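Input: a single structure, listed below in structure tokens.
Here is the naming used below: chain letters follow the sequence lines, and residue numbers restart at 1 for every chain. For clarity, every value in this text was computed on a predicted model and none was experimentally measured. When reading the values below, keep in mind they use all heavy atoms of this one structure, side chains included, and skip hydrogens, waters and symmetry mates.
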There are 2 protein chains.
Amino acid sequence: MSTLPTSIKTEEENAKIVGLLKEKGLSVTLPRKLILALLIKEHGPFSAEDIFKKLPKNACDQATIYRCLNQFIETQLVTSAYLEKDMAHFEFNDPHHHHHHIICKICKKIDSFHDCILDKIESTLVKKGYKDIQHRLEFFGVCGSCQKS
Amino acid sequence: MSTLPTSIKTEEENAKIVGLLKEKGLSVTLPRKLILALLIKEHGPFSAEDIFKKLPKNACDQATIYRCLNQFIETQLVTSAYLEKDMAHFEFNDPHHHHHHIICKICKKIDSFHDCILDKIESTLVKKGYKDIQHRLEFFGVCGSCQKS
DNA sequence: TTATTTTTGCAAACTACTTGCAAAAGCTCC
DNA sequence: GGAGCTTTTGCAAGTAGTTTGCAAAAATAA
């Protein structure tokens with residue numbers, strides 16, 4: 001009598017997901033488990049709509065997906081990036097698989113690579129056949145005055 | 001009898017802006033001149049709304065600002081980044097002032113720095129007093145199959 | 001199990017951005 | 001410099017991703 005949702009196959013996987021949620025102080029609900037399981041199993045980046053389509057039919061509402069994703073970002077379980085204009089993409093924040101993306105300006109296909117030194121990266125991408133390369137690098141942190149308040 | 005818009009002060013400045021627009025094959029219109037002049041004079045990054053507020057009253061419609069900014073991006077006169085969720089920020093693309101941004105996760109204040117090697121950058125930011133630093137690095141280019149078609 | 005808190009689904013709202021269309025402005029060529 | 005063609009603008013309405021208010025349902029605590 002398994003009480004696992006269909007898309008979470010093993011007890012082991014289930015335990016991992018429950019552990020991650022509790023570690024972050026989030027209560028364990030079915031939508032949260034399903035979304036997190038998906039992001040761990042298939043590494044994105046996925047838009048909220050991608051996730052909605054990939055989940056079992058009627059698994060949960062789109063609003064719930066947005067709410068969960070925002071909580072996952074706050075707790076740093078996932079990372080987000082604006083790769084296409086006007087649409088966020090989400091990914092499980094796996095510290096062992098630090099990587100970056102290259103998106104084709106025309107077909108929007110998203111590829112990834114694992115180098116992390118800027119000058120090395122561009123030559124890697126050129127070897128991969130990309131042209132007209134630009135990059136966007138932004139840092140996010142908490143500034144001095146916000147640390148005080 | 002100067003025919004310059006009020007916010008473009010000198011003939012020299014005007015000539016520069018007209019030159020940039022023509023160089024990119026864009027016709028020279030008042031909204032385009034005003035927006036470009038603003039982005040050159042005050043380096044942003046600015047949102048479309050910031051630009052609207054900074055332009056002389058009734059200088060042009062918000063839709064025109066979006067249209068111009070999109071043309072400027074296509075012609076690489078300006079660059080855009082999603083620093084805050086759901087809102088693009090724009091900056092004059094000055095090749096002599098390559099730099100990156102750090103945005104405070106809490107107050108959203110945007111600061112900039114000119115280092116461009118990843119490992120050097122983080123220590124620079126720490127010295128500046130930021131904590132809990134994350135970065136977002138994305139590359140954009142034209143992939144092999146799009147180059148053919 | 002019961003009581004309290006949190007989360008969800010639904011529908012409506014919100015907001016950044018885009019678009020269709022007619023009028024206005026810019027460009028071209030004589 | 002002006003006529004005619006093209007491009008751009010303003011306006012208003014539309015679009016799409018995302019958020020939110022509220023009552024019902026699920027999760028947690030006791």
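The nearest heavy atom of DNA chain C to Phe90(B) and to Cys68(A) marks one nucleotide each, and the one closer to the 5' end goes with Cys68(A). The residue among Thr64(B) and Asp86(B) whose nearest nucleotide of DNA chain D lies closer to the 5′ end is Thr64(B). Annotation: of the two residues near DNA chain C, Tyr66(B) and Pro31(B), the 5′-most nearest-nucleotide partner is Tyr66(B).
A straight line from CD of Gln62(B) to P of dT15(C) spans 13 Å, rounded to a whole angstrom. Whole-Å rounding puts the Met87(B) CE to dC14(C) P distance at 18 Å. Regarding Glu74(A), its CD atom lies at a distance of 11 Å from the P atom of dT7(C), rounded to whole Å. Computed from coordinates, the Asp50(B) CG to dA16(C) C1' distance equals 13 Å when rounded to whole Å. Atom CG in Leu34(A) sits about 11 Å away from atom P in dT8(C), given to the nearest Å. Nucleotide dG26(C) holds its P atom 10 Å from the CZ atom of Arg32(B), rounded to whole Å.
Of the residues listed (Ile35(A), Leu30(A), Thr29(A), Leu34(A)), the one engaging Arg32(A) in a side-chain contact (heavy atoms from CB on, under 4.5 Å) is Thr29(A), and it is the only one.
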*Take Leu26(A) and Leu20(A), measure what side-chain contact (heavy atoms from CB on, under 4.5 Å) needs, and give me the verdict at the end.*
CA-CA 9 Å; Leu26(A) 296 170; Leu20(A) 282 170; over 6 Å; no
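Under 4.0 angstrom from either OP1 or OP2 of dT18(D) there lies no side-chain N or O belonging to Asn70(A).
Taking the charged nitrogens against the carboxylate oxygens, Lys16(B) and Glu12(B) have no contact shorter than 4.0 Å, which rules out a salt bridge.
Considering CD of Glu91(A) and NE2 of His43(A), their distance stands at 8.5 Å, rounded to 0.5 Å. We find the OH-NZ distance between Tyr82(A) and Lys85(B) to be 5.5 Å, quoted to the nearest 0.5 Å.
The environment of NZ in Lys41(A) is crowded: more than 12 heavy-atom neighbours from other residues, nucleotides or ligands sit within 6.0 Å.
In this structure, Gln71(B) and Thr75(B) have side chains that are not in contact, with every pair of non-hydrogen atoms separated by 4.5 Å or more. Residues Ile73(A) and Phe90(A) have side chains in contact (heavy-atom distance under 4.5 Å, counting atoms from C-beta outward).
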Give me the distances for all protein-to-nucleotides 28-30 of chain D N/O pairs that come in under 3.5 Å?
from, atom 1, to, atom 2, distance (Å)
dT28(D), OP1, Val28(A), N, 2.8

Grab the N/O contacts between the protein and nucleotides 19-23 of chain C below 3.5 Å, and write none if there aren't any.
from, atom 1, to, atom 2, distance (Å)
dG20(C), O6, Arg67(B), NH1, 3.2

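Donor-acceptor pairing under 3.5 Å is lacking for the side chains of Thr64(B) and Asp61(B).
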